[in-house]
Structure formats: structure tokens, C-alpha cells
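Have a look at the structure below before the remarks.
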Number of protein chains: 2
Amino acid sequence: MQNSIEAVNELLVNLFNDILTIEKAALESGPFNDLTMTELHVIEAIGLTPRTMTQVAGQLGITVGTLTTTINRLLKKEYVLRNHAQNDRRFVEITLTHKGKLAHRLHESFHATMVKSIVDGMSEEDNTVLIESLKRLTEFFREQYDIKK
Amino acid sequence: MQNSIEAVNELLVNLFNDILTIEKAALESGPFNDLTMTELHVIEAIGLTPRTMTQVAGQLGITVGTLTTTINRLLKKEYVLRNHAQNDRRFVEITLTHKGKLAHRLHESFHATMVKSIVDGMSEEDNTVLIESLKRLTEFFREQYDIKK
DNA sequence: TTATATACTTTGAAAATCAAAATAATTTGT
DNA sequence: ACAAATTATTTTGATTTTCAAAGTATATAA
């Protein structure tokens, strides 16, 4: 049992590092290599519908001030648009440009390919087990540590 | 099938973000809260046996120059020692101090608690499925993207 | 209509990162 | 043996990422 814990922990830690390494390498060799990883994560967090600064910063666990500087750079690189909300002009609405949406889609498909590699080789039952395990882990975290979502 | 891919992807992405958030929160509220996340990751990468700069930097996917600055800070905070190897004085051997080993152990036990939460509630067979899934994913990455280990 | 609250940006400073140049130690080729 | 090449690391100069706190603009409440 202690053995399983060690094994799962090591696998998760390695997976973690591998995914970060691969994402970085994929980004640098792809068509959107003027983006940094931070910028790409911001693009992912924005997604396809307009989001406010507070929403995006909260989702990424960074301060709104930090996000402002990243958005400034993404504006200059023409990946996003910044507009005041017409109903309440305090709110800023961030939207992806066409280029931003392309980058978003490419990164999504990169993720899909990654995940496909596990799911494809699995039986239906094993697949269910994997999903349930991941769900349990996520739920445990959220309960235990009170994550806001 | 397309459905499973979406589900697993979303779960992995959430897990990823959650773990980062929780690790940061745990660090900030614990006894070693003078450490940044980067510094903690360096301490984890060093582990309990002496490592060289190139080894540690490679493992973390950062340049050796970047690592030097982090090690400088960890030296000042007394978490590590820096010594030349006696057989080949070009090599630097980084070792954890007593304090460094304590931080290392605390972080390890944090990880163990995390993982225990999944493994504990599982049957022996489901456990095997989870481990095999994670192994397959890791191996796929390493083959596909030629990660050095 | 002043005061308060909310959403965001700016500022100042530290930490994290890289590429390229510099330093130091070892190995290789002649 | 000794100059040249290689290897391991540090330093330098610059950019990015980050935060906390102060500042700005807009909306709500008293």
C-alpha cells in the first residue's frame, strides 16, 4: 500500500514535469512561437467568450495587476482585444482576436492528442476507472483545501 | 470516445492547477514560508544525495545560469551547501543542509498525503489500472517527445 | 452629493528566466 | 609537455513574471 502511494506520487510528479517540458517545446517549435508559456496560459484561460480581468486572474491564481501587464503584451502582439463593458464601464472585457482563437485551438488540439494516447489503448472499464480516480482526486483537493473553482 | 478525451483532459488540467494552488498555499502557511515555489522545487530536485548543477538544471528544465541564482539565494537562506567535487574540481556538488532536508521531508509528506487520498479508497484492481494508465501516459510522452529523463 | 465600494491600472521592487561572454579545470592532440 | 579544445559553472545584461500598495475611474449608497 505504501508502495502504491510512492508509485503514484512519482508518476504524477514525472508527468507534471514532462507535460510542462513538452508544452514549452511544442510552443517554441510551432507557428505561435512569439508567445511565452504565461501568455499561452492566459489565452487558454480567456477561452472563446469575453472574460473580465478579475475572472481570468482568479482562474489562474495571479493578481489582477500581474494580468494587466500580460494583457498589455498580448494586445501589442495582437492576440487579444480590451474593451469596457457597456453596461458597467468599470469592467474590462478581454476577447481573443482571430489570431488568438487560432492559438487557442492549436493548444487545445495539442492537449487532445496527449490525452488520446492514453484513452485510445484502454478498455471501456479501465477508462471509467481512470476518470473516476481523477475525479476523486480533484474532489478531495477541492474539499480539503477549499479551492474556489 | 471523443467524450472521454474531453473528460480526461479537463480533469487533468484542473488537477494541474489545483495542485499548484494547493502547494503554494501549503508552503505559505507552513514553517518554511521564506521559500518560494521555485526554491522548493529546486530543493526537491536536489534530494538527499549530492547533485551537480547540470543534473539539477536538466531535471527541472531550466538553464544552469538560472539555477546559479536560485542556489545563491538558497545558500544565503541556509538550505543548501555548495562544494567543488574533489575528483574533478569543475563540478559543483550541491547538498541539502539539515534545514534543507527538513523542508524536503515536509514537502514529500505533503505529496504522500495528497496521493494517499486516492489510493486509500480504491480496490487493488482499480489501483493497478490507475498506475498502468499513468505509466502509459508517461511512456508515451517520453517516446513521442524524446525527453531525456 | 459626498462617501464608499468596485474594477482596474500604475508604480516600485524582487524573483525567474535566458543567451552569450567570462572563468576555471580537465582532457586531447601533437 | 604544452597549446588547443572541451566541460562545468558563474557572471552579465536584458526581459518577463510576480506582488503589494497607491492611484484612477466608475458605480452605488447614505
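Numbered from 1 within each chain, the chains take letters A, B, ... in sequence-line order.
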- Message: From C-beta outward on B/Met53, which listed nucleotide comes closest to its side chain: C/dT10, D/dT10, D/dT18?
- Response: D/dT10

- Task: Using a cut-off of strictly less than 4.0 Å between a heavy atom of the residue and any atom of DNA chain D, enumerate the qualifying residues of residues 27-38 of chain A by number.
- Result: A/Thr36, A/Thr38

- Taking atom P of C/dT17 as reference, at what distance in whole Å does atom CD1 of B/Ile71 sit? 12 Å

- Identify the two heavy atoms, one from B/Arg51 and one from B/Ile46, that lie closest to each other, and give their separation to 0.1 Å. CG-O, 3.1 Å

- Query: Please give, in whole Å, the distance from C/dC18 C1' to B/Leu60 CG?
  - Reply: 15 Å

- Message: Taking only side-chain N and O atoms of A/Thr54, does any of them lie within less than 4.0 angstrom of OP1 or OP2 on C/dC8?
- Response: yes

- Taking only the side-chain heavy atoms of B/Arg89 (C-beta and beyond), determine which of D/dT26, C/dT26, D/dT10 contains the nearest atom. C/dT26

- Message: Please confirm whether the shortest side-chain N or O distance from A/Arg90 to OP1 or OP2 of D/dA27 is below 4.0 Å.
- Response: no

- Message: Expressed as a whole number of angstroms, how long is the span from B/Gln55:CD to D/dA8:C1'?
- Response: 12 Å

- May I ask you to decide whether B/Arg82 forms a salt bridge with B/Glu93, counting only side-chain N to carboxylate O separations under 4.0 Å? no

- Stepwise, does the salt bridge (Lys or Arg N to Asp or Glu O under 4.0 Å) test hold for B/Lys135 with B/Glu132? CA-CA 5 Å; B/Lys135 267 190 193 156; B/Glu132 287 310 310; 3.8 Å; yes

- Task: Round to a whole Å and report the spacing from CG of A/Leu75 to P of C/dC8.
- Result: 14 Å

- Can you check the A/His84 NE2 to C/dT9 P distance for me, whole Å? 8 Å

- Query: Quick one: which of B/Leu96, B/Asp34, B/Val42 gives a side chain to side chain contact (heavy atoms under 4.5 Å, CB included) with B/Tyr79?
  - Reply: B/Asp34

- Query: Looking only at side-chain N and O atoms, does B/Thr66 come under 4.0 Å of OP1 or OP2 in C/dA16?
  - Reply: no

- Message: Can you tell me how the ring of B/Phe110 sits relative to the ring of B/His107, calling it parallel under 30°, perpendicular over 60° and tilted otherwise?
- Response: parallel

- With DNA chain C as reference, determine whether A/Lys24 or A/Val92 sits nearer its 5' end, using the nearest nucleotide of each. A/Val92

- Side chain A/Glu39, main chain A/Thr36, donor-acceptor under 3.5 Å: yes

- Message: Does C/dT9 have its OP1 or OP2 closer than 4.0 Å to a side-chain nitrogen or oxygen of A/Thr68?
- Response: yes

- Distance, rounded to the nearest Å, where A/Asn83 contributes CG and C/dA7 contributes C1': 16 Å

- Message: Does A/Thr70 reach a base, just sugar-phosphate, or nothing at all? Heavy atoms under 4.0 Å.
- Response: nothing

- Choose from D/dA8, D/dC19, C/dC18 the nucleotide whose nearest atom is closest to any side-chain atom of B/Phe91. D/dA8

- Message: Are there over 12 heavy-atom neighbours, none belonging to A/Glu78, within less than 6.0 Å of that residue's CD?
- Response: no

- Task: Ignoring the backbone of A/Arg82, work out which of D/dC19, D/dA27, C/dT9 is nearest its side chain.
- Result: C/dT9

- Message: To check you understand the geometry: which heavy-atom pair defines the closest contact between A/Leu75 and A/Leu81, and what is its length?
- Response: CD2-CA, 4.2 Å

- Task: May I ask you to verify if any side-chain N or O of A/Arg73 is less than 4.0 angstrom from the OP1 or OP2 atom of D/dT17?
- Result: yes

- Please state how far atom CG in A/Leu67 lies from atom C1' in D/dA20, giving the value in whole angstrom units. 16 Å

- Note: for A/Asp88 and A/Ile62 on DNA chain D, the residue whose nearest nucleotide lies more 5' is A/Ile62

- Message: Rounding to an integer number of Å, can you tell me how far A/Asn72 CG sits from C/dT11 P?
- Response: 11 Å

